[in-house]
Amino acid sequence: MTHPTPPTPEFARQMANAIRMLAVDAVEKARSGHPGAPMGMADIAEVLWNRHLRHNPVNPHWPERDRFVLSNGHGSMLLYALLHLTGYNLPMSELKNFRQLHSQTPGHPEVGLTPGVETTTGPLGQGLANAVGMALAEKLLASEFNRPEHAIVDHFTYVFMGDGCLMEGISHEACSLAGTLRLSKLVALYDDNGISIDGHVEAWFTDDTPRRFEAYGWHVIPDVDGHEPAAVDAAIRAAKAQAGQLDGKPTLICCKTVIGMGSPNKAGTHDVHGAALGAAEVAATREALGWSAPPFEIPADIATAWNAVERGQTAEKVWRLRFEAYRKRYPLEAAEFERRMAGDLLPALAEQLPELLAGIAAQRAALATRKASQNALDVLAPLLPEFFGGSADLTSSNLTNFKGCVKAGRDAWGNHLSYGVREFGMAAVMNGIALHGGYLPYGGTFLTFSDYSRNAIRMAALMKLRVIHVFTHDSIGLGEDGPTHQSVEHIPSLRIIPNLDVWRPADGLETAVAWASAVARQGGPSALCLSRQNVACLTDAGMVASIRRGGYVLSDMAAAQVVIVSTGSELELAMQAQAMLAAEGLATRVVSMPCTNLFDRQTEAYREAVLPMSLPAVAIEAAQPDFWRKYVGRSGVVVGMAGFGESAPARDLYSHFGITAQRVVEAARTLAQRRKAGSAGSAGSAGSAGSAGSAGAARAETSVHETA
Ligand SMILES: Cc1ncc(C[n+]2csc(CCOP(=O)(O)OP(=O)(O)O)c2C)c(N)n1
């Protein structure tokens with residue numbers, strides 16, 4: 001969508017000034033925000049958005065649009081100004097409402113909230129990694145769906161970024177991968193203004209960025225004057241030319257800019273990075289830019305020049321014609337492309353799932369849940385052509401590959417990628433893939449290293465992305481690798497990320513249901529925490545519906561006195577404890593809780609039916625214990641890990657740390673005795689207080705039962 005007639009240099013400057021003044025005035029009105037980056041990048045933005053970016057403001061979801069990512073998300077007013085000016089449904093009233101409650105112009109861009117925002121940015125470096133994921137998705141889709149003379153997928157991903165994004169380690173992970181994979185339709189424009197929050201960056205950031213990116217295998221265009229539209233335009237053209245080359249590379253355009261360009265007294269200083277200019281400086285800026293329009297008013301000729309609605313509609317129409325020609329020739333592929341971009345699942349998956357799960361349940365094998373996960377993948381993958389799996393260099397440990405999967409590489413389409421040892425990069429790239437559409441990304445690493453990727457997991461949850469994390473080696477049960485690799489706090493700490501479903505399945509069927517639920521979940525990510533070691537088979541085909549509720553009664557006894565709650569590899573300890581207690585004459589109920597987040601979304605009546613307030617409870621999980629207080633109460637008992645693990649065989653570690661059926665038995669005994677004493681007391685004093693009252697009395701006491 002190259003603009004038919006590029007504006008004159010003077011008019012181009014005025015178009016850029018429209019961005020500058022919208023940013024200045026919005027930040028001034030909000031008394032907070034970041035005017036510096038929008039003012040400094042306004043000229044670059046004019047060239048990219050006005051002359052190159054192929055987008056349709058009235059259909060922000062057009063699949064063939066170029067993607068644009070503002071990785072330096074603090075410069076959000078740059079994006080809001082562009083969206084408003086080019087004709088997205090973002091009226092001036094929203095710009096006036098910058099950073100206010102429920103506005104469409106939050107402090108940092110948020111996908112799903114503002115039309116035209118492709119990803120939520122703000123945590124520096126991640127937008128860049130998202131862009132790598134988008135460019136990867138584009139490349140994969142193109143090789144999967146394009147046919148000779150029918151290029152229905154052929155668009156660019158552009159990303160703006162500042163010094164902050166490049167200082168962040170994730171930029172290394174993502175850009176190194178992008179270079180290796182030769183993502184030649186990725187174009188990064190670096191706002192090289194030499195300023196970050198603490199001041200001039202020479203004291204903390206002296207990388208030779210062009211050489212760094214050359215070493216990654218990028219095409220680098222150094223020393224572009226970011227205030228010289230012709231130079232920026234030439235650089236973008238050169239970047240786009242890469243796409244047509246056999247050995248094309250991603251492009252980095254290094255633009256020298258002045259932060260806060262246009263502000264006579266603050267340009268080039270860190271004062272303009274993240275604070276309103278102040279009334280006097282705003283007036284001086286207006287004067288210096290020759291901008292006489294009042295705040296939030298755009299002169300008609302400039303507004304008209306910016307408006308991209310007609311061009312966008314034409315571009316989409318041209319593509320739709322191309323797509324219809326493709327449909328005529330390749331009707332199945334066209335339908336599949338539409339389904340994939342819509343994110344719908346194949347109807348056959350839902351139809352065949354019950355039978356597939358029954359087949360898995362019938363196997364009744366004692367397997368590590370990581371292996372059960374691979375088995376589930378083998379079964380599900382033929383019905384999920386959108387699967388795009390991977391691992392951060394642990395494929396043979398995470399078992400994220402499946403029968404018939406194809407290794408993705410630089411020159412070849414595939415549906416399983418070795419991301420290399422780049423956990424954070426992998427997680428943020430997966431977010432970019434999900435945002436682009438067309439694939440359902442999942443990736444594996446050891447659960448302990450979820451800390452490396454944590455902020456990208458959080459961003460997936462915030463963005464409501466369907467991304468699946470496969471976290472294996474989920475406890476001391478991994479054994480000899482020792483405490484560096486043994487998760488203790490990770491499961492509970494992941495559970496508290498809003499909108500993340502954390503599964504810790506106990507056996508093959510629970511693992512398969514976890515996969516099916518994660519795949520069907522449209523509004524957020526899931527994490528599957530899986531064992532390295534073998535676990536017993538405890539469920540049967542009749543339990544599928546229960547497992548789907550996240551928590552359920554696995555084994556009940558008449559007149560149960562105590563509930564034993566557990567997850568994952570410890571569920572068999574709970575079952576052993578139940579048998580041992582039964583032998584003593586103490587009846588218990590075992591509750592399996594593979595996904596607490598999902599259980600919490602069930603009705604109160606269901607939750608009460610599974611975990612009655614009237615019964616004392618013991619929880620057992622080889623993890624930090626505090627999380628379980630919300631289910632067992634203050635008077636309940638949690639058998640868990642209070643500190644780090646040790647290096648030893650798993651069996652020795654379980655007994656050393658007291659993660660044993662015996663501990664559960666002791667705890668249950670104590671609770672049952674207390675309950676008995678409590679109900680005798682309450683019956684004596686209150687007559688008909690009943691079991692709920694006695695449970696209340698039992699829960700008033702605290703019994704902490706943790707391992708040393
Ligand atoms: C991961 C992360 N760390 C810290 C911040 C806070 N922060 C916002 S902007 C910024 C400085 C960025 O400098 P630069 O990219 O050069 O932006 P400019 O000053 O050019 O606007 C920092 C540290 C953040 N948003 N994300």
Side-chain angles (χ1 to χ4, degrees), residues 19-20 23-24 26-27 30 32-45 69-82 99 106-110 117 119-131 159-175 188-207 209 212-213 224 226-227 252-263 266-277 423-425 427-428 431 451-460 462-463:
I19 297 174
R20 291 192 171 94
V24 165
V27 171
S32 99
H34 299 77
M39 297 173 83
M41 293 198 82
D43 298 304
I44 303 168
V69 174
L70 185 76
S71 191
N72 44 351
H74 57 278
S76 55
M77 263 313 302
L78 174 67
L79 183 49
Y80 301 147
L82 287 164
R99 291 184 157 234
H108 295 83
E110 293 180 34
V117 170
T119 176
T120 299
T121 51
L124 295 171
Q126 276 192 74
L128 174 56
N130 295 162
V159 53
F160 281 8
M161 63 196 184
D163 299 299
C165 291
L166 291 181
M167 282 186 256
E168 288 290 351
I170 191 172
S171 68
H172 169 72
E173 296 184 23
C175 294
L189 293 118
Y190 167 33
D191 182 29
D192 183 7
N193 61 22
I195 293 286
S196 64
I197 291 181
D198 280 1
H200 290 266
V201 299
E202 295 93 9
W204 51 88
F205 184 46
T206 57
D207 299 1
T209 298
R212 174 185 161 198
F213 276 73
V224 173
H227 300 297
L252 175 70
I253 303 175
C254 300
C255 303
K256 293 269 182 228
T257 63
V258 177
I259 191 169
M261 174 75 162
S263 159
K266 295 191 172 178
T269 73
H270 62 134
D271 296 342
V272 78
H273 161 92
L277 296 184
E423 294 82 8
F424 190 15
N431 289 350
D451 285 340
Y452 277 54
S453 30
R454 188 175 175 93
N455 200 266
I457 300 170
R458 181 177 194 270
M459 294 301 288
L462 177 61
M463 292 193 271

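Read the numbers this way: they start at 1 and go in the same order the structure lists the ligands and their atoms.
Atom 21 (O) of ligand 1 has as its closest protein heavy atom His74 NE2, 2.8 Å. Regarding atom 15 (O) of ligand 1, its nearest protein heavy-atom neighbour is Gly164 N, 2.7 Å. When hydrogens are left out, the protein atom nearest atom 20 (O) of ligand 1 is Asn193 ND2, 2.7 Å; that is the closest non-hydrogen contact. Looking at atom 23 (C) of ligand 1, its nearest protein heavy atom turns out to be Ile197 CD1, 3.8 Å. In terms of protein heavy-atom proximity, atom 16 (O) of ligand 1 is closest to Ile195 O, 2.7 Å. The protein heavy atom nearest to atom 19 (O) of ligand 1 is His273 ND1, 2.7 Å. The shortest contact between atom 25 (N) of ligand 1 and any protein heavy atom is with Gly122 O, 2.8 Å.
Atoms NE2 and OG1, on His108 and Thr121 in that order, are 7.5 Å from each other to the nearest 0.5 Å. Interatomic distance, His200 NE2 to His270 NE2, rounded to the nearest 0.5 Å: 7.0 Å. For the atom pair OG1 (Thr119) and CG (Leu128), the distance works out to 11.5 Å, reported to the nearest 0.5 Å. To the nearest 0.5 Å, atoms NE2 (His172) and CG (Leu166) are separated by 13.0 Å.
Residue Leu124 touches ligand 1 through backbone and side chain together, judged by heavy-atom distances below 4.0 Å. At a heavy-atom distance under 4.0 Å, atoms from both the backbone and the side chain of Ser196 approach ligand 1. Contact annotation: for Asn455 versus ligand 1, there are no heavy atoms closer than 4.0 Å. Contacts between Glu168 and ligand 1 below 4.0 angstrom, taking non-hydrogen atoms only, involve the side chain exclusively.
Side-chain atoms of Tyr452 never come within 3.5 Å of backbone atoms of Gly425 as a donor-acceptor pair (strictly under, hydrogens ignored). One N or O on the side chain of Asn130 and one on the backbone of Ala428 form a donor-acceptor pair closer than 3.5 Å. In this structure, Lys266 contributes its side chain and Leu277 its backbone to a donor-acceptor pair below 3.5 Å. Glu168 places no side-chain N or O within donor-acceptor distance of the main-chain N or O of Gly125, the cut-off being under 3.5 Å.
Every atom of ligand 1 with a heavy atom of Ala37 under 4.0 Å away is listed here by number and element: 21 (O). Applying the 4.0 Å criterion to heavy atoms of Gly162 picks out, from ligand 1, the atoms 15 (O). Counting the atoms of ligand 1 from 1 in the order shown, those under 4.0 Å from a heavy atom of Ile259 are 18 (P), 19 (O), 20 (O), 21 (O).
The number of heavy-atom neighbours closer than 6.0 Å to CZ of Arg458, taken from other residues, nucleotides and ligands shown, is 12 or below.
Every heavy atom of Gly36 sits 4.0 Å or more from the atoms of ligand 1. Not a single heavy atom of Asn72 sits closer than 4.0 Å to an atom of ligand 1.
Relative orientation of the His34 and His273 rings is perpendicular, given thresholds of 30° and 60° on the angle between their planes.
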